[in-house]
Amino acid sequence: MDFSTQDIKFIAGIGPKRADMLNKELGIRTVDDLLRHYPYKYVDRSRFYYLHEISEDMPFIQVKGRIVRFEKVGEGRNQRLTAAFSDGHGGVIELVWFKGIKYILDKYKVNTEYVVFGKPTLFNGHYNIAHPEMELLSELPPVEQMGLQPFYNTTEKMKNNYLNSKAVQKIVFSVVQPLKNSNLPESLPEYVLKKYALLNLKESLQNIHFPQNAKILNDARQRLKFEELFYIQLSILQQTSWRNHNIKGLLFEHIGYYFNKFYNDYLPFELTGAQKRVLREIRIDVGTGKQMNRLLQGDVGSGKTLVALMAMLMAVDNGYQAAMMAPTEILATQHFVSLTEMLGDLGVNVALLTGSTKLKEREKLHEQLRNGELHLLVGTHALIEDTVQFKNLGLVVIDEQHRFGVEQRARLWRKNVNPPHVLVMTATPIPRTLAMTLYGDLSVSVIDELPPGRKPIQTFHYYQDKRNALNGFIAKQIEAGRQVYIVYPLIQESEKMDLRNLEEGFEYMREAFPQYQISMVHGKMKAADKDYQMQKFVEGKTRIMVATTVIEVGVNVPNASVMVIENAERFGLSQLHQLRGRVGRGADQSFCILLTSYKLSADTRKRMEIMVRTKDGFEISEADLQLRGPGDLDGTQQSGIPFDLKIANLAKDGKMLEIARQTAMDILEEDPMLEKEENKILALQLRKMRNKNFNWSVIG
Ligand code: ADP
Ligand code: MG
């Protein structure tokens, strides 16, 4: 049996109890799991400090010396134990314990040589270290061999059971020590290691936990990061290549009447360069005989819907039907209205299918879909219900990807013998590294150009005390015929409080603007009430919309020209950008006002600056990734990254990701089934990985 697959409870020095705790708390079961539980930081223990050298900005230091005396200070619950610790060179520091006093007095002896380890703090002009780590000098290896000490993440429960970082370190050591002479197999092919001069696996694992020096630690990190990114890319790309080989795509052979007629006679404006480019990309895809899986990214208002419509006309021209799916009823309805308007009397039949489509109408629709009378169907989830049967579905457009699970995408495919082409549209631009990982199986098109003549939205950051002045501005805008959004944050943990904020905000606006009707919308409302309120705003009956972020995605009210975001500090960059995109959709100058309190963290201040400075969604998403790290990005949670990154970081390791992806591509190009002798190791690793932590249903 390969060493790495052994259950850790059988490893000498770990035992069933601690193994059980590690399994329950951190999901660590095998030697491999433990070896892959990487330290989150390292502290230099390769030298001792003298006390005259220390300063408060030092992180952790170690000092060699003796306890001169102990002293108990205070009474009862406030009692603490202090010890004067001398380094033997004239320096004395105070060690302090607030807990476990009896234990400490039992364990540590005066006048014995210890190494004390901890973070010094300055108090009343003297340095002290609270709850230091202490070890007998005689029990430590020579300092030159100590190197960088690893620190491990643990849980509260683990700490309460004496499994702190230090204890984990010891446990890890018990699997790292036998590593060198174990049968642990290398996980990357020899030729890949050679090509990029990567450290081998055993040495990498040894040094990621117990680095001999900073240089080799870096080499180990590089190797493990590469491996992680490489296998993710390899598995994504292998799926894609499998699909390309085994699934027959529909062939749209020509551009025909509807497309040309629409383009020449119905399109009221010139396409932007970016729209033309994307249409060409789609055209090539659907002409290859392979199934298209394409992600279309473009900021709100960049004209994605129009591109989707023209792609759907390509389907119709080739005798196929097309469907467009939106995440909410409001959005589906909006799409339906705008498609119907644009198509005019072209002769393409479009219908809307949502949860509230009446039974009779629904039956008629089903009939028309089956007999092919209907060309285009716009709808919500209702569209993927099993009773809906198409005669010949050729293309599915999915708007706002992150609300749709990949499982739902897969269900759509099953509606034909041959799966339809899929075009996924999103207005949440995501950085390239994230796209390669999240949507690595999709080809990506980008609309990076807005239609001409748009007035850029003006963005301002104000403190809350500008409220009154702001009201004057809002009043002017409404008098000029415009509409206004006021958005409040809604954060799960404090829903009640947020709702109160929203309701108070609503009351406040009602008092400030008694002459106007105001809509209020939030996530806790019944769908019907929400739709009713939205609809009133869409029709212009209400002039002000007070809402939570439920209005974030896709709602289109071109007459709305002011977006006020309350407590803007509580929103992430991508979310602010999405909200801002609700305005600036008409011909009028639009405004986005970010309201915050005075007290802002440096990060928040930066977020506000970025929002005021740029409108470029890609720049914003990139900044978001840098500021918050990949785990927190809007949209990614819902779409669910199907794996954990243990060591690589999508915000920082973009370059390496590119290399890893390219390497995987090259390998698959030569050996798509990974059958060559030198690639067997890759197939084996992929199998291990899929058995373990990949939820493959989500990759579709
Ligand atoms: P998105 O779906 O990307 O948010 P839409 O397709 O809804 O954007 O387009 C936003 C608005 O811009 C619509 O009113 C649309 O008719 C208009 N539009 C789209 N493309 C162009 C263009 N090339 N020139 C002028 N206006 C355009
Ligand atoms: Mg849209």
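Remember, it's a predicted structure, so these values are computed and weren't measured experimentally. Every number for a ligand or one of its atoms is a count from 1 in the order of the listing.
Looking at Val307, Asp399, Thr305 and measuring to atom 6 (O) of ligand 1, the nearest heavy atom belongs to Thr305. Selection from Ser302, Pro268, Gly303, Gly273 by nearest heavy atom to atom 5 (P) of ligand 1 gives Gly303.
At least one heavy atom of Glu270 sits closer than 4.0 Å to an atom of ligand 1. The closest approach between a heavy atom of Gly301 and any atom of ligand 1 is below 4.0 Å.
In summary, of the residues considered (Gln477, Arg585, Gln483, Gln589), a side chain to side chain donor-acceptor pair (under 3.5 Å) with Ser561 occurs for Gln477 alone.
A salt bridge between Arg543 and Glu479 is absent, with no side-chain N of the basic residue lying under 4.0 Å from a carboxylate O of the acidic one. A salt bridge links Glu367 with Arg370: the closest approach of a Lys/Arg side-chain nitrogen to an acidic carboxylate oxygen falls below 4.0 angstrom.
Near Thr272, meaning under 4.0 Å from any of its heavy atoms, are these atoms of ligand 1: 23 (N). Here is the list of ligand 1 atoms found below 4.0 Å of a heavy atom in Leu306: 6 (O), 20 (N). Below 4.0 Å from some heavy atom of Asp299 lie the following atoms of ligand 1, by number and element: 3 (O). Those atoms of ligand 1 that come under 4.0 Å of a heavy atom in Leu271, given as number and element, are 23 (N).
Residues Arg294 and Ser445 bring a donor and an acceptor atom of their side chains to less than 3.5 Å of each other.
In this structure, the side chains of Arg580 and Ile620 come closer than 4.5 Å at one or more pairs of heavy atoms. Residues Asp285 and His421 form no side-chain contact, since every pair of their non-hydrogen atoms from C-beta on lies 4.5 Å or further apart.
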